[in-house]
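Hydrogens, waters and symmetry mates play no part in the numbers below; they use all other heavy atoms, side chains included. Per chain, numbering begins at 1; letters A, B, ... match sequence-line order.
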Amino acid sequence: MKNESIIESLLFAAGDEGLTAGQMAAVLNIQIDELTKILQSMADSLIQDEVRGIMITSFGDEYRMMTKKENAAYIQQLAEKPSPKTLSQAALETLAIIAYNQPVTRIEVEDIRGVKTDRPIATLCARGLIEEAGRADAPGRPILYATTTEFLDAFQLKSITDLPPLEEGDIPMPQEADLFFGRFEEALDE
Amino acid sequence: MKNESIIESLLFAAGDEGLTAGQMAAVLNIQIDELTKILQSMADSLIQDEVRGIMITSFGDEYRMMTKKENAAYIQQLAEKPSPKTLSQAALETLAIIAYNQPVTRIEVEDIRGVKTDRPIATLCARGLIEEAGRADAPGRPILYATTTEFLDAFQLKSITDLPPLEEGDIPMPQEADLFFGRFEEALDE
Amino acid sequence: MMEYKVKIDSFEGPLDLLLHLIQQLEIDIYDIPAAEITNQYLSYVNTMQQLELDVASEYLVMAATLIAMKSRSLLPDHSSEEEDYMDEEDPRDELARRLIEYKKYKEAAGRLHELEEERTKLFSRPPADQLFSSNAEGPLNVSIFDMLGAFQKMTRRKKLAVPPKATVRREELSVEKRMKILKEKLWASKEPIRFDDLFDSNERNELVVSFLAILELMKQNEIVVSQKGNFADLYVTAGGNET
């Protein structure tokens with residue numbers, strides 16, 4: 001059953017965002033009915049198989065891969081044993097996005113990372129590497145974040161302009177607004 | 001085998017941050033030897049099992065869960081953005097020279113390439129593939145460069161010793177030594 | 001002419017150009033014919049200059065080296081003094097050594113490229129937020145390179161198209177269909193409808209389609225949009241040329 005392998009790859013790579021049956025069926029080029037049947041049997045066997053540590057959950061027609069509940073305590077243990085002197089991948093990613101896009105909201109960071117980012121932001125704030133820098137002019141007036149002088153110290157930078165320039169296309173930017181207004185302008189031109 | 005389930009959960013949660021054998025062994029409260037044995041058997045059976053779409057890879061002392069190569073095209077179909085650009089020839093040559101000779105100064109790289117190499121080095125730094133590794137004990141104390149763990153990740157190498165061996169090229173070499181011994185033997189025959 | 005330009009531009013430096021010539025002319029790298037290679041090399045560099053390409057100084061330095069090598073080869077042959085093993089080194093040997101050294105890494109670069117391509121076929125997922133510890137303390141020991149590495153790792157991940165949240169309807173609406181739905185909704189309502197409430201999906205495509213539909217309806221005078229003042233909510237009413 002090659003389809004099961006592809007579904008596992010897709011759900012894994014989709015992260016916490018999940019995928020709909022429709023999206024997966026389209027990729028596999030099969031009927032949604034057939035897809036949901038495969039998904040159901042995969043989900044069942046994951047639950048029953050003691051050797052497996054992940055499961056498939058569904059919400060509406062959205063499917064997500066998650067760790068099994070009974071292993072939550074072990075994951076928690078991992079979180080409680082931080083390596084003291086370095087930052088985690090999650091924190092470094094978050095920091096990089098803020099440094100290159102500042103000031104920026106949490107939602108924008110999450111949009112780029114594709115995963116929730118409350119905790120990394122809380123820790124970076126607690127560490128004094130980022131700080132609140134006003135509010136965005138958007139619904140809900142979300143907090144904007146920017147790097148601090150401590151950030152410059154920690155990374156031995158004279159100023160924020162000292163950050164190594166990234167190549168064109170390397171900086172993922174939140175683009176929703178641009179797309180929207182791009183099409184809006186097109187429409188006006190007509 | 002409950003341990004396998006926990007390991008799967010841990011690797012899944014860690015995502016592309018990966019985990020060391022030590023971290024996992026600590027959580028499971030088992031010896032590292034035992035853990036690596038379990039990991040190895042899990043990795044093997046994932047590769048062999050056609051129904052599975054993920055696999056366990058290792059580089060450095062870090063283990064990570066990844067999608068299988070043969071499913072790449074399906075994931076690409078759902079991807080919002082194209083893959084990041086691959087490196088230019090200039091950057092690749094520079095990286096090769098640094099990787100095989102590290103730590104090495106910019107001047108040494110330029111000696112081999114026969115051309116200025118500031119920009120490729122800046123690009124490689126910005127990509128996190130090389131980093132400064134102290135200063136050479138030479139006039140002007142030039143910066144030394146070495147590859148990073150991100151380099152290992154970007155090229156799927158377990159360690160730096162995993163680099164494909166440098167070939168002497170397909171230019172037929174008149175072997176100095178052979179010539180010498182050839183003549184030596186001739187002399188003995190007389 | 002264009003072909004030339006592309007070709008010449010694609011050399012990584014004088015050594016790369018020389019390797020190309022050696023290959024093209026099928027020359028033994030250990031016995032480089034100084035005159036021939038110099039002439040070929042100079043004609044390439046000339047073309048580059050004629051095309052007003054920015055010829056790196058390294059090309060000119062190499063040109064000078066080659067010319068010196070060529071003139072030496074044209075000098076009367078000293079090889080009659082065959083016994084003189086202490087003869088100074090043939091400059092061609094030094095050049096061959098450099099070319100071979102460079103070629104080694106040029107080929108290694110090719111193999112790295114293949115590995116890089118293979119790597120783009122593997123994907124992982126973002127680390128779970130719950131894994132992230134918030135009680136890290138002590139002095140920080142990270143460099144800018146750690147940050148850039150993490151950042152690159154992230155760009156290699158694939159962000160898959162996010163399914164629409166909450167609303168399940170996935171069918172794509174055309175602007176025309178959307179206009180019809182909006183019209184029905186507005187005509188059915190006695191009160192003006194708040195502009196924001198006309199968008200019943202957060203999905204980008206749908207937002208754009210709805211928005212275009214409203215613009216079109218305004219243009220056709222099918223609806224009237226009103227606002228009490230700057231930054232106040234917009235209200236939409238059916239109106240204009242009802243038939």
Side-chain angles (χ1 to χ4, degrees), chain A residues 1-16 19 23-24 26-29 42 45-46 49-55 65-81 83 88-93 96 114-115 163-170 172 175, chain B residues 1-20 22-24 26-29 38 42 45-46 49-55 62 65-82 84-85 87-88 91 122-128 132:
Chain A
M1 274 295 237
K2 189 69 170 18
N3 281 342
E4 299 192 353
S5 162
I6 298 167
I7 292 169
E8 191 175 58
S9 282
L10 289 174
L11 285 174
F12 176 73
D16 293 343
L19 291 171
Q23 283 178 302
M24 290 183 274
V27 169
L28 288 168
N29 204 11
M42 284 174 73
S45 79
L46 281 171
D49 194 341
E50 280 203 324
V51 174
R52 302 296 305 267
I54 50 185
M55 59 181 186
M65 205 177 252
M66 298 175 81
T67 53
K68 280 188 182 169
K69 293 224 169 52
E70 55 264 43
N71 292 343
Y74 297 96
I75 294 169
Q76 192 54 41
Q77 272 188 60
L78 209 53
E80 280 160 11
K81 285 185 198 138
S83 55
S88 71
Q89 158 84 9
L92 286 168
E93 280 177 21
V115 70
L163 278 171
L166 296 178
E167 284 169 89
E168 193 70 29
D170 264 3
Q175 277 175 339
Chain B
M1 275 292 236
K2 191 68 168 21
N3 279 342
E4 298 194 354
S5 163
I6 298 167
I7 292 170
E8 191 175 59
S9 283
L10 293 176
L11 286 173
F12 178 86
D16 60 9
E17 174 146 16
L19 292 171
T20 63
Q23 283 176 295
M24 290 182 274
V27 170
L28 287 169
N29 204 10
I38 302 174
M42 285 175 73
S45 78
L46 281 171
D49 194 340
E50 280 202 325
V51 174
R52 302 297 306 268
I54 50 182
M55 57 181 188
E62 210 175 290
M65 209 178 252
M66 306 260 241
T67 57
K68 282 188 182 170
K69 193 176 290 172
E70 54 265 39
N71 293 342
Y74 299 96
I75 297 169
Q76 292 285 11
Q77 277 185 58
L78 282 180
E80 278 190 340
K81 294 188 195 90
K85 275 182 301 178
L87 293 168
S88 68
T123 302
L124 295 169
C125 281
R127 288 259 190 141
E132 294 178 13

Tyr74(B) side, atom OH; Ile7(A) side, atom CD1 - distance, nearest 0.5 Å: 11.0 Å
Contact origin within Ala26(B) toward chain A - heavy atom pairs under 4.5 Å: both
Interface moiety of Leu19(B) toward chain A, non-hydrogen atoms closer than 4.5 Å: side chain
Minimal non-hydrogen separation, Val27(A) against Gln77(B), with atom names: CA-OE1, 3.8 Å
Pairwise distance NZ(Lys68(A)) to CZ(Phe12(B)) - rounded to 0.5 angstrom: 12.5 Å
Atom group of Gln23(B) that falls short of 4.5 Å from chain A, counting heavy atoms: both
Backbone N/O of Thr67(B) and side chain of Ser9(A): donor-acceptor pair under 3.5 Å: no
Main-chain N/O of Gln89(A) paired to Glu17(B) side chain as donor or acceptor, under 3.5 Å: yes
Residues Asp16(B), Glu93(A); criterion side-chain contact (heavy atoms from CB on, under 4.5 Å); working and verdict: CA-CA 11 Å; Asp16(B) 60 9; Glu93(A) 280 177 21; 4.1 Å; yes
Backbone of Ser5(B) reached by a side-chain donor or acceptor of Glu50(A) within 3.5 Å: no
Step-by-step side-chain contact (heavy atoms from CB on, under 4.5 Å) determination, Asn71(A) to Lys2(B): CA-CA 10 Å; Asn71(A) 292 343; Lys2(B) 191 68 168 21; 3.7 Å; yes
Closest contact, heavy atoms only, Glu8(A) versus Ile54(B): OE1-N, 3.3 Å
Contacting moiety of Met42(B), where chain A heavy atoms sit under 4.5 Å: neither
